[in-house]
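Below you'll find the structure, written out as structure tokens, and then a few comments.
Just the heavy atoms: all of them, side chains too, but no hydrogens, waters or symmetry mates, feed the values below.
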Amino acid sequence: VPLASGRDADVFAIDAQRVLRRYRDGGDVAGEAAIMGYVAELGFPVPIVYEATRADLVMERLDGPTMTQALVVGDLDVQTGGALLADLHRRLHELPPRLSSDPGDRILHLDLHPFNVMLSRRGPVVIDWRNATEGPADLDLALSALILAEVAVEDANDMAPAANLLLTAFLEHSGGDPLRMMDRALAMRRTDPNLAGAEIDRLPSAAGLVRRSR
Ligand SMILES: Nc1ncnc2c1ncn2[C@@H]1O[C@H](COP(=O)(O)OP(=O)(O)O)[C@@H](O)[C@H]1O
Ligand SMILES: [Mg+2]
């Protein structure tokens with residue numbers, strides 16, 4: 001029985017120390033495992049990777065809730081959450097890139113939102129590095145802002161009001177110029193196979209909200 005099931009991966013507990021994250025339709029975790037190992041070595045908080053073979057990633061099992069869960073139950077307020085998200089971006093983007101020789105490039109997570117931050121005993125830890133790559137830091141900020149805004153503009157979502165406040169707090173605390181990369185972020189979300197039609201339809205209004213919140 002999986003601990004958690006996402007849109008294309010299941011996460012299983014192996015024992016008290018390790019989980020297995022397995023892509024259901026194959027795939028290759030080598031790229032994300034390499035980035036996770038690289039940022040871990042530089043002191044960025046990620047799960048320790050024990051094994052990476054084809055669709056399977058065996059990694060350190062984290063305790064504690066996701067940032068989303070902590071927000072929902074009231075253990076974390078939106079101001080602190082927004083600042084925390086901005087701080088994780090800042091720390092990630094301080095690291096030198098692994099591959100690129102372009103001086104503007106940084107390591108990017110590209111899916112850094114409250115479901116992908118676990119508040120573990122050793123502090124906040126960032127999971128789900130499948131989209132990670134290298135490029136301009138502002139693109140990472142733009143994607144996080146857009147993802148928060150997508151929730152904020154979904155009227156039927158109970159988390160919409162909190163997402164709206166979190167977006168404002170995130171933008172207040174993050175440096176850089178995410179609006180510069182909004183069109184690129186939008187293009188990436190539009191072609192994301194994990195987004196349903198209705199979610200794609202809300203992207204323009206989500207982008208509008210980010211632009212007004214900055
Ligand atoms: N290292 C880990 N330790 C404990 N739980 C984890 C770990 N990695 C993922 N999980 C659990 O699995 C869920 C989904 O993981 P994630 O990597 O974000 O995949 P996806 O978003 O594709 O479902 C997380 O929200 C968390 O509950
Ligand atoms: Mg995830």
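Counting heavy atoms from C-beta outward, L3 and F12 have side chains that stay 4.5 Å or more apart. Looking at R180 and P136, their side chains come closer than 4.5 Å, going by heavy atoms from C-beta outward. No side-chain heavy atom of R18 sits less than 4.5 Å from a side-chain heavy atom of M59. The closest side-chain heavy-atom distance from R190 to L195 is not below 4.5 Å. Looking at heavy atoms from C-beta onward, P124 lies out of side-chain contact with M67 at the 4.5 angstrom threshold. With contacts defined as side-chain heavy-atom distances shorter than 4.5 Å, the pair L76/L119 qualifies. Within the 4.5 Å cutoff, the side chain of V29 has no heavy atoms near those of the D56 side chain. Considering only heavy atoms from C-beta on, L88 comes within 4.5 Å of F44 through its side chain.
Counting side-chain heavy-atom gaps under 4.5 Å among Ile, Leu, Val, Met, Phe, Trp and Tyr, the cluster of M118 also holds L62, V125, I127. If you chain together ILVMFWY residues whose side-chain heavy atoms come under 4.5 Å of each other, L99 ends up in a group of its own. Hydrophobic side-chain contacts under 4.5 Å tie I147 to no other Ile, Leu, Val, Met, Phe, Trp or Tyr residue.
There is no path of hydrophobic side-chain contacts, each under 4.5 Å, that joins I14 to L57. In the hydrophobic clustering of this structure, L92 does not group with I48; members are Ile, Leu, Val, Met, Phe, Trp, Tyr whose side-chain heavy atoms approach within less than 4.5 Å, directly or through other members. When hydrophobic clusters are built by joining Ile, Leu, Val, Met, Phe, Trp and Tyr residues whose side-chain heavy atoms come closer than 4.5 Å, directly or via intermediates, L203 is grouped together with V210. V58 and M36 fall into different hydrophobic clusters, defined by Ile, Leu, Val, Met, Phe, Trp and Tyr side-chain heavy atoms under 4.5 Å apart, directly or through other members. A single hydrophobic cluster is not seen to contain both L171 and V151; linkage of ILVMFWY side chains at heavy-atom distances under 4.5 Å, directly or through other members, places them apart.
One finds the CG atom of L146 at 12.5 Å from the CG atom of L141 (value rounded to the nearest 0.5 Å). In this structure, L71 CG and Q69 CD are separated by 10.5 Å, a value rounded to the nearest 0.5 Å. Separation of atoms CE (M188) and CG (L143) is listed at 5.0 Å; rounding is to 0.5 Å. To the nearest 0.5 angstrom, T68 atom OG1 is 6.0 Å from M159 atom CE. Taking CG of D140 as the start and CG of L108 as the end, the distance is 4.5 Å to the nearest 0.5 Å. Of the inter-residue distances, the one linking D15 atom CG with R61 atom CZ reads 8.0 Å to the nearest 0.5 angstrom.
Under the salt bridge (Lys or Arg N to Asp or Glu O under 4.0 Å) criterion, E60 pairs with R122, sequence neighbours left out. Take D75 and apply the side-chain hydrogen bond (donor to acceptor under 3.5 Å, both in side chains) test, not counting sequence neighbours, and it matches no residue. Under the rule for a ring-ring contact (aromatic ring centres under 6.0 Å, His included), the partners of H93 that lie at least two apart in sequence or sit in another chain are H89. With sequence neighbours excluded, no residue forms a side-chain hydrogen bond (donor to acceptor under 3.5 Å, both in side chains) with T53. R91 is linked by a side-chain hydrogen bond (donor to acceptor under 3.5 Å, both in side chains) to nothing, counting only residues two or more places apart in sequence or in another chain. By the side-chain hydrogen bond (donor to acceptor under 3.5 Å, both in side chains) test, R211 is found to be paired with D183, residues two or more places apart in sequence or in another chain being considered.
A salt bridge is absent between D10 and R22: the closest approach of a Lys/Arg side-chain nitrogen to an acidic carboxylate oxygen does not fall below 4.0 angstrom.
Within a 6.0 Å radius of CD in E51, no more than 12 heavy atoms belonging to other residues, nucleotides or ligands are found. Surrounding CG of D201 are more than 12 heavy atoms belonging to other residues, nucleotides or ligands, all under 6.0 Å away. Within 6.0 Å of CZ on R90 lie more than 12 heavy atoms contributed by other residues, nucleotides or ligands. Within a 6.0 Å sphere centred on CZ of F115, other residues, nucleotides and ligands contribute 12 heavy atoms or fewer.
The minimum heavy-atom distance linking L167 with A145 is given by the pair CD1-O, 3.5 Å. Annotation for R214 and G176: closest pair NH2-O, 2.9 Å, computed over non-hydrogen atoms. Taking both residues in full, the closest heavy atoms of P114 and T66 are given as O-CB, 3.8 Å, listed atom of the first, atom of the second, then distance. The minimum heavy-atom distance between G82 and L166, with the atom names listed, is N-CD1, 3.4 Å. Nearest heavy atoms, A55 versus G26: CB-O, 3.6 Å.
Side-chain atoms of Y38 come within 3.5 Å of backbone N or O of P97 as a donor-acceptor pair. The backbone N or O of D63 lies less than 3.5 Å from no partner atom in the side chain of S120, so there is not a single donor-acceptor pair. Counting only distance, with no hydrogens or angles, the side chain of R54 and the backbone of G27 share no donor-acceptor pair below 3.5 Å. No donor-acceptor distance shorter than 3.5 angstrom exists from the side chain of E134 to the backbone of I107, with no hydrogens or angles considered.
A side chain to side chain donor-acceptor pair (under 3.5 Å) check over residues 107-116, counting only residues at least two apart or in different chains, returns the pairs D111-H113, D111-N116, H113-N116, N116-D128. Here side chain to side chain donor-acceptor pair (under 3.5 Å) pairs that include residues 145-165, with residues two or more places apart or in two chains, are E150-R189, E154-N157. Within the structure, ring pair (Phe, Tyr, Trp, His ring centres under 6.0 Å) contacts touching residues 61-87 (residues at least two apart or in different chains) do not occur.
Of the listed residues (R130, R24, R21), just one forms a salt bridge (Lys or Arg N to Asp or Glu O under 4.0 Å) with D8, and that residue is R130.
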